[in-house]
Novice: 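First the structure, then my questions, so here it is.
Just so we're clear, the structure is a prediction, and the values are computed from it rather than from any experiment. Both backbone and side-chain heavy atoms feed into the values below; hydrogens, waters and symmetry mates do not.
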Amino acid sequence: MKKIFYLFLCSALSLSCRKNNDPELPKLAEVTTKTIALDGDQNSSLMFQDNESPDVMTSDARRYNIAHVLRVRAVDEKNIEISNFAPIDIENATILATISNGTDATNKQVVKLIKISKIRAHGKQTIKYPFMEGTVLYLDTNNKVTDLSQYKGTGIDPAKISFDFTGDNPIILKLKKLAVLKWDIQYHDYDPNNDVTNNWAEDITAKDIRRYTGLMINMGTVFISADFKTEFLNERIVANDGTTVLTDAQKLKTYNDILNHSFFQCGVVTNVSGLGGGSTLGYANHVIRDYINVAGAGDVLSHEVGHCVGYGHSSNMTYPIKVNNVNTGISPVTIRVMQKLFNEKMFPVTLENYYKPADLK
């Protein structure tokens, strides 16, 4: 038996030696993904600050997808812009670049382009592709070496590259779960003429937008949670006629309509707690302040989302309906789930990591 074990061990060592002599491995050992920091005034600027133009803050350039809170986009063939749309620092993120080769949609390279040790809350910076000035060797997602030297002089056509981020720290893992949502988000001034007779705030401010960025992340966290899906699909949901109870299939469709809603154009309201419908989503000051630690804020949050997916006030997709003296509908479900997520510390944006605590007072 000892002899057999000895022969097996020698065989394993022999195989190991042959692997170490593989000509590709020295290249692999030499490839190091460039690490950058975007954590201060010397290496980044800040979005949504009090001195920034409202036109800039609400522009199409500031539209982002909830799945890409850490957004990377090609500015031109040689430069990329990296932006953090969360009101919290993001650390130890790896930026993945997917490069399309030719007209074959299946012929793509996915490489680990850059590591970001830290990007500060609402930080933004434009940088050159690292292969323009440095190494042209990169690791793909299977840790195989990819040579990008063909792009060193010309750069990459912006239409042929897209980006994502990944990482294994708790914040990134929470943010990556939002990828199931289809939400594009943009901030909007619904009262450009400052008409005091309507229910829209006269101006949307940088403070409003800073708080909203956290609200959308945490609200998304509620809707994607397994607890929300389970409770919502078990809830008695009533249609727009105020009496017809939705079937299981209809509830599932409504749930998916929330996840797949394509666009929220977010503004601030006065006199009422919220306004919503279609792409319009508006919350009052107390809602964009209290979402971060008050489960009761889920009442208004879900009410307006209910409007956005097509329900009116006769349905309990907006106002609760009492059954046996118990509130039913999306609002009580959202409140319960928010409280559970608070208790379990599952929200990405918290009082502890939000970068401007004075915003929440």
Novice: Partners of Asp227 by salt bridge (charged side-chain N to carboxylate O under 4.0 Å, His left out), sequence neighbours excluded?
Specialist: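 For Asp227, the residues satisfying salt bridge (charged side-chain N to carboxylate O under 4.0 Å, His left out) (neighbours in sequence not counted) are Lys340.
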
Novice: Does Asn84 use its side chain to pair, donor to acceptor, with the backbone of Ile88 at less than 3.5 Å?
Specialist: yes

Novice: Going from CD1 on Ile114 to OG1 on Thr35, what distance comes out if it is rounded to the nearest 0.5 angstrom?
Specialist: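 Here the rounded value is 9.5 Å.
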
Novice: Does any pair with a residue in residues 253-263 pass salt bridge (Lys or Arg N to Asp or Glu O under 4.0 Å), and if so which ones, sequence neighbours excluded?
Specialist: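 Non-adjacent pairs meeting salt bridge (Lys or Arg N to Asp or Glu O under 4.0 Å): Lys253-Asp257.
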
Novice: Do any N or O atoms from the side chain of His188 and from the backbone of Ser59 form a donor-acceptor pair under 3.5 angstrom?
Specialist: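 It does not hold such a pair.
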
Novice: What residues form a salt bridge (charged side-chain N to carboxylate O under 4.0 Å, His left out) with Glu77, not counting sequence neighbours?
Specialist: none

Novice: Hey, is the main chain of Val222 close enough, under 3.5 Å, to the side chain of Ser225 for a donor-acceptor pair?
Specialist: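 A pair under 3.5 Å: yes.
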
Novice: Would a distance-only check, ignoring hydrogens and angles, find a side-chain to backbone donor-acceptor pair under 3.5 Å from Asn142 to Lys144?
Specialist: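 No, because the side chain of Asn142 does not come within donor-acceptor range (under 3.5 Å) of the backbone of Lys144.
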
Novice: Does a side chain donor of either Asp241 or Thr244 reach within less than 3.5 Å of an acceptor in the other side chain?
Specialist: yes

Novice: Taking salt bridge (charged side-chain N to carboxylate O under 4.0 Å, His left out) as the definition, give me every residue that meets it alongside Arg236, ordered by chain and number, with sequence neighbours left out.
Specialist: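 So Arg236 forms no salt bridge (charged side-chain N to carboxylate O under 4.0 Å, His left out) with any residue.
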
Novice: Answer yes if Val110 and Leu113 sit in the same cluster of Ile, Leu, Val, Met, Phe, Trp and Tyr residues linked by side chain heavy atoms under 4.5 Å apart, and no otherwise.
Specialist: no

Novice: Tell me every residue that passes ring pair (Phe, Tyr, Trp, His ring centres under 6.0 Å) with Phe263, counting only those two or more places apart in sequence or in another chain.
Specialist: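 Once residues adjacent in sequence are excluded, Phe263 has no partner under the ring pair (Phe, Tyr, Trp, His ring centres under 6.0 Å) criterion.
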
Novice: Got a sec, which residues hit side chain to side chain contact (heavy atoms under 4.5 Å, CB included) with Asn325, two or more places apart in sequence or on another chain?
Specialist: Lys322

Novice: Would you say the side-chain atoms of Asn143 pair up with the backbone N or O of Leu139, donor to acceptor, closer than 3.5 Å?
Specialist: no

Novice: Angle between ring planes, Trp183 versus Phe264, binned at 30° and 60°: parallel, tilted or perpendicular?
Specialist: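 It falls in the perpendicular class, over 60°.
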
Novice: Sequence neighbours left out, what passes side chain to side chain contact (heavy atoms under 4.5 Å, CB included) with Ser44? Give chain and number order.
Specialist: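 By the side chain to side chain contact (heavy atoms under 4.5 Å, CB included) rule, Ser44 matches Leu38, Arg120, Gln125.
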
Novice: Within the 3.5 Å criterion, strictly below it, is a donor on Ser314 or Tyr319 matched to an acceptor on the partner's side chain?
Specialist: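 No - no donor-acceptor pair under 3.5 Å links their side chains.
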
Novice: Counting C-beta onward and ignoring hydrogens, is there a side-chain heavy-atom pair between Leu148 and Thr146 closer than 4.5 Å?
Specialist: yes

Novice: Working to the nearest 0.5 Å, report the span between CG of Asp189 and CD1 of Ile209.
Specialist: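 Reported value, rounded in 0.5 Å steps: 9.5 Å.
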
Novice: Do Thr254 and Ile237 come close enough that some side-chain heavy atom pair is under 4.5 Å?
Specialist: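 The answer is no; the side chains never approach within 4.5 Å.
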
Novice: With sequence neighbours left out, write down each residue that passes salt bridge (charged side-chain N to carboxylate O under 4.0 Å, His left out) with Asp290, or none if nothing qualifies.
Specialist: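 Testing Asp290 for salt bridge (charged side-chain N to carboxylate O under 4.0 Å, His left out), a comparison that skips the adjacent residues, returns none.
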
Novice: Quick one: do Leu178 and Phe163 end up in the same hydrophobic cluster if we chain Ile, Leu, Val, Met, Phe, Trp and Tyr together by side-chain heavy atoms under 4.5 Å apart?
Specialist: yes

Novice: Using distance alone, with no hydrogens and no angle criterion, decide if Asn199 and Asn271 have a side-chain donor and acceptor under 3.5 Å apart.
Specialist: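 The answer is yes; a qualifying pair exists.
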
Novice: If you count every heavy atom of other residues, nucleotides or ligands that lies below 6.0 Å from Lys251 atom NZ, does the total exceed 12?
Specialist: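 Count over threshold, so yes.
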
Novice: Quick check: Phe347 with Phe342 (ring centres under 6.0 Å apart)?
Specialist: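 For Phe342 and Phe347, the ring centres are under 6.0 Å apart.
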
Novice: Could you tell me if the side chain of Asp208 sits less than 4.5 Å from the side chain of Tyr187, heavy atoms only?
Specialist: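 The answer is no, as the side chains (C-beta and beyond) never meet within the 4.5 Å cut-off.
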
Novice: Do Tyr354 and Leu360 come within less than 4.5 Å of each other through their side chains, counting heavy atoms only?
Specialist: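 Touching, per the 4.5 Å side-chain cut-off.
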
Novice: Hey, does Lys182 have a side-chain heavy atom less than 4.5 Å from the side chain of Leu259?
Specialist: no

Novice: Less than 4.5 Å apart, side chain to side chain, heavy atoms only: is that true for Thr98 and Gln109?
Specialist: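 The answer is no; the side chains never approach within 4.5 Å.
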
Novice: For Lys174, I'd like to know if atom NZ has over 12 heavy atoms of other residues, nucleotides or ligands within 6.0 Å.
Specialist: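 Counting neighbours around NZ of Lys174, more than 12 heavy atoms of other residues, nucleotides or ligands fall under 6.0 Å, so yes.
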
Novice: Find the distance between CZ (Arg210) and CE (Met57) and round it off to the nearest 0.5 Å.
Specialist: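 Between Arg210 CZ and Met57 CE, I get 8.5 Å after rounding to 0.5 Å.
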
Novice: Does Glu81 reach the main-chain N or O of Lys124 with its side chain, forming a donor-acceptor pair under 3.5 Å?
Specialist: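 No, because the side chain of Glu81 does not come within donor-acceptor range (under 3.5 Å) of the backbone of Lys124.
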
Novice: Can you tell me how far CD of Glu235 sits from CG of Asn316, rounded to the nearest 0.5 angstrom?
Specialist: 7.0 Å

Novice: Linking Ile, Leu, Val, Met, Phe, Trp and Tyr by side-chain heavy atoms under 4.5 Å, what else ends up with Val196?
Specialist: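 The other cluster members (ILVMFWY side chains, heavy atoms under 4.5 Å, direct or chained): none.
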
Novice: State plainly whether the residues Asp168 and Lys176 are in salt-bridge range, i.e. N to O under 4.0 Å.
Specialist: no

Novice: Do Thr213 and His122 have a side chain donor and acceptor closer than 3.5 Å?
Specialist: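 Present: a donor and an acceptor within the cut-off.
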
Novice: Hey, what do you get for CD1 (Ile321) to OG1 (Thr328), rounding to the nearest 0.5 Å?
Specialist: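 Here the interatomic distance stands at 5.5 Å.
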
Novice: Under a 3.5 Å cutoff, is there a donor and acceptor pairing between the side chains of Tyr64 and Asp184?
Specialist: no

Novice: Taking Thr334 for its side chain and Ile330 for its backbone only, find out whether a donor-acceptor pair lies under 3.5 Å.
Specialist: yes

Novice: Can any side-chain N or O of Lys160 pair as donor or acceptor with the backbone N or O of Ile99 at less than 3.5 Å?
Specialist: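 No; zero donor-acceptor contacts below 3.5 Å.
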
Novice: Is Ile171 reachable from Ile224 through a run of hydrophobic residues whose side-chain heavy atoms are each under 4.5 Å from the next?
Specialist: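 Same cluster.
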
Novice: Using the side-chain contact (heavy atoms from CB on, under 4.5 Å) definition, which of the options Asp157, Ile161, Ile156 pairs with Tyr151?
Specialist: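 Answer to the side-chain contact (heavy atoms from CB on, under 4.5 Å) test with Tyr151 among Asp157, Ile161, Ile156: Ile156.
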
Novice: Hey, can you tell me if Phe223 and Phe228 have their rings parallel, tilted or perpendicular (30° and 60° cut-offs)?
Specialist: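 Rings of Phe223 and Phe228: perpendicular, over 60°.
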
Novice: Do Val180 and Phe232 share a hydrophobic cluster (ILVMFWY, side-chain heavy atoms under 4.5 Å, transitive)?
Specialist: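 Yes, Val180 connects to Phe232 through the hydrophobic network.
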
Novice: Does a side-chain N-to-carboxylate-O contact under 4.0 Å join Arg211 and Asp359?
Specialist: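 No salt bridge links Arg211 with Asp359.
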
Novice: Whether Lys128 and Glu133 form a salt bridge (side-chain N of Lys/Arg under 4.0 Å from carboxylate O of Asp/Glu) is what I want to check.
Specialist: no

Novice: Would you mind reporting whether Tyr291 and Tyr283 have side-chain heavy atoms less than 4.5 Å apart?
Specialist: no

Novice: Show which residues join Val272 in its hydrophobic cluster (side-chain heavy-atom contacts under 4.5 Å, direct or indirect), or state none.
Specialist: Tyr190, Trp200, Val269, Leu275

Novice: Within the distance-only criterion (no hydrogens, no angle test), does the side chain of Ser331 pair as donor or acceptor with the backbone N or O of Thr318 below 3.5 angstrom?
Specialist: yes

Novice: Kindly state each residue pair satisfying salt bridge (Lys or Arg N to Asp or Glu O under 4.0 Å) with at least one member in residues 294-309, sequence neighbours excluded.
Specialist: none

Novice: May I ask you to decide whether Glu91 forms a salt bridge with Lys115, counting only side-chain N to carboxylate O separations under 4.0 Å?
Specialist: no

Novice: How long is the span from the CG atom in Asn240 to the NE2 atom in His313, to the nearest 0.5 Å?
Specialist: 10.5 Å

Novice: In terms of side-chain heavy atoms, does Asp76 have a donor or acceptor partner in Asn79 at a distance below 3.5 Å?
Specialist: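 Indeed, the side chains of Asp76 and Asn79 share at least one donor-acceptor pair under 3.5 Å.
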
Novice: Heavy atoms, side chains only, cut-off 4.5 Å: are Thr135 and Pro130 in contact?
Specialist: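 They are not in side-chain contact.
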
Novice: Dump the intermediate steps for side-chain contact (heavy atoms from CB on, under 4.5 Å) on Ile95 and Lys112, then the final yes or no.
Specialist: CA-CA 6 Å; Ile95 303 303; Lys112 299 175 183 179; over 6 Å; no

Novice: Okay, side chain of Thr280, backbone of Gly276: is any donor-acceptor separation there less than 3.5 Å?
Specialist: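 No; zero donor-acceptor contacts below 3.5 Å.
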
Novice: If the condition is side chain to side chain contact (heavy atoms under 4.5 Å, CB included), which residues does Thr350 pass it with, not counting sequence neighbours?
Specialist: Glu352, Asn353

